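So the structure is just underneath, and the comments pick up after that.
For clarity, every value in this text was computed on a predicted model and none was experimentally measured.
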Amino acid sequence: MNSIDTLIKRNLHEVFGERDAKKRREAIAQLWTEDCVFIDHSGKSHGRDGLDRTVAALHQQLPGYVFSELRPVDLLHDSGRLAWSYGRPGQEPVKGVDVALVRDGRISLMLTFLDEVPAKL
């Protein structure tokens with residue numbers, strides 16, 4: 001079983017950072033509950049398939065963007081948060097925070113807050 005710290009980091013890189021759809025779906029199955037919910041400024045997705053569609057749309061909208069961790073995961077009971085940046089190398093990135101609730105060793109709910117969004121985006 002993954003620690004909450006590991007779940008959140010793997011999610012950033014292996015789900016949201018993964019452009020290969022097959023690898024991404026495998027990671028979603030390992031890291032997220034079947035009834036998961038993901039909420040960000042563009043809406044809410046339900047279930048693993050909904051999450052995969054959301055991530056695929058993000059990659060289509062922002063090709064060449066890469067996620068980076070900004071700080072260590074901050075843990076609180078069965079939850080954690082991770083500050084990240086998302087952008088193209090050499091350009092001003094989007095910065096945000098993922099807050100995840102974990103149930104039975106998998107992410108059941110994630111809220112994504114955007115802290116800084118470049119004007120050009």
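By the side-chain hydrogen bond (donor to acceptor under 3.5 Å, both in side chains) test, Arg103 is found to be paired with Asp35, residues two or more places apart in sequence or in another chain being considered. With sequence neighbours left out, Arg48 forms a salt bridge (Lys or Arg N to Asp or Glu O under 4.0 Å) with no residue at all. In this structure, the side-chain contact (heavy atoms from CB on, under 4.5 Å) partners of Glu69, at least two apart in sequence or on a different chain, are Lys9, Leu12, His13, Leu82. Residues passing the side-chain hydrogen bond (donor to acceptor under 3.5 Å, both in side chains) test with Asp74, sequence neighbours excluded: Arg81. Shown here are the side-chain contact (heavy atoms from CB on, under 4.5 Å) partners of Arg24, two or more places apart in sequence or in another chain: Val15, Glu18, Ala21, Ile28, Asp52, Val55, Ala56, His59. Residues passing the ring pair (Phe, Tyr, Trp, His ring centres under 6.0 Å) test with Phe16 are Phe38, sequence neighbours excluded. Under the side-chain contact (heavy atoms from CB on, under 4.5 Å) criterion, Arg53 pairs with Asp49, not counting sequence neighbours. In this structure, the salt bridge (Lys or Arg N to Asp or Glu O under 4.0 Å) partners of Glu14, at least two apart in sequence or on a different chain, are Arg10. For Asp40, there are no salt bridge (Lys or Arg N to Asp or Glu O under 4.0 Å) partners two or more places apart in sequence or in a different chain. Taking Trp32 as the reference, nothing meets the ring pair (Phe, Tyr, Trp, His ring centres under 6.0 Å) condition, with sequence neighbours excluded.
Residues Pro118 and Val94 form a side-chain contact, since some pair of their non-hydrogen atoms from C-beta on lies under 4.5 Å apart.
Taking the six-membered ring where the residue is Trp, Phe67 and Trp84 present perpendicular rings, their angle passing 60° and hence far from 30°.
Put simply, CG on Asn11 and CG on Leu51 are 7.0 Å apart, with the number rounded to the nearest 0.5 Å. Distance check: Arg19 CZ to Leu58 CG gives 7.5 Å after rounding to the nearest 0.5 Å. In this structure, Ser85 OG and Glu92 CD are separated by 11.0 Å, a value rounded to the nearest 0.5 Å. Separating the CD1 atom in Ile8 from the CG atom in Asp98 is a distance of 8.0 Å, to the nearest 0.5 Å.
Between Ala100 and Ile107, the shortest heavy-atom contact is CB-CG2, 4.2 Å.
Identified under the ring-ring contact (aromatic ring centres under 6.0 Å, His included) test for residues 88-107, with sequence neighbours left out: none.
The environment of NE2 in His41 is crowded: more than 12 heavy-atom neighbours from other residues, nucleotides or ligands sit within 6.0 Å.
The other residues sharing a hydrophobic cluster with Phe113 are Val37, Ile39, Val97, Val99, Leu101, Leu109, Leu111, where clustering joins ILVMFWY side chains under 4.5 Å apart.
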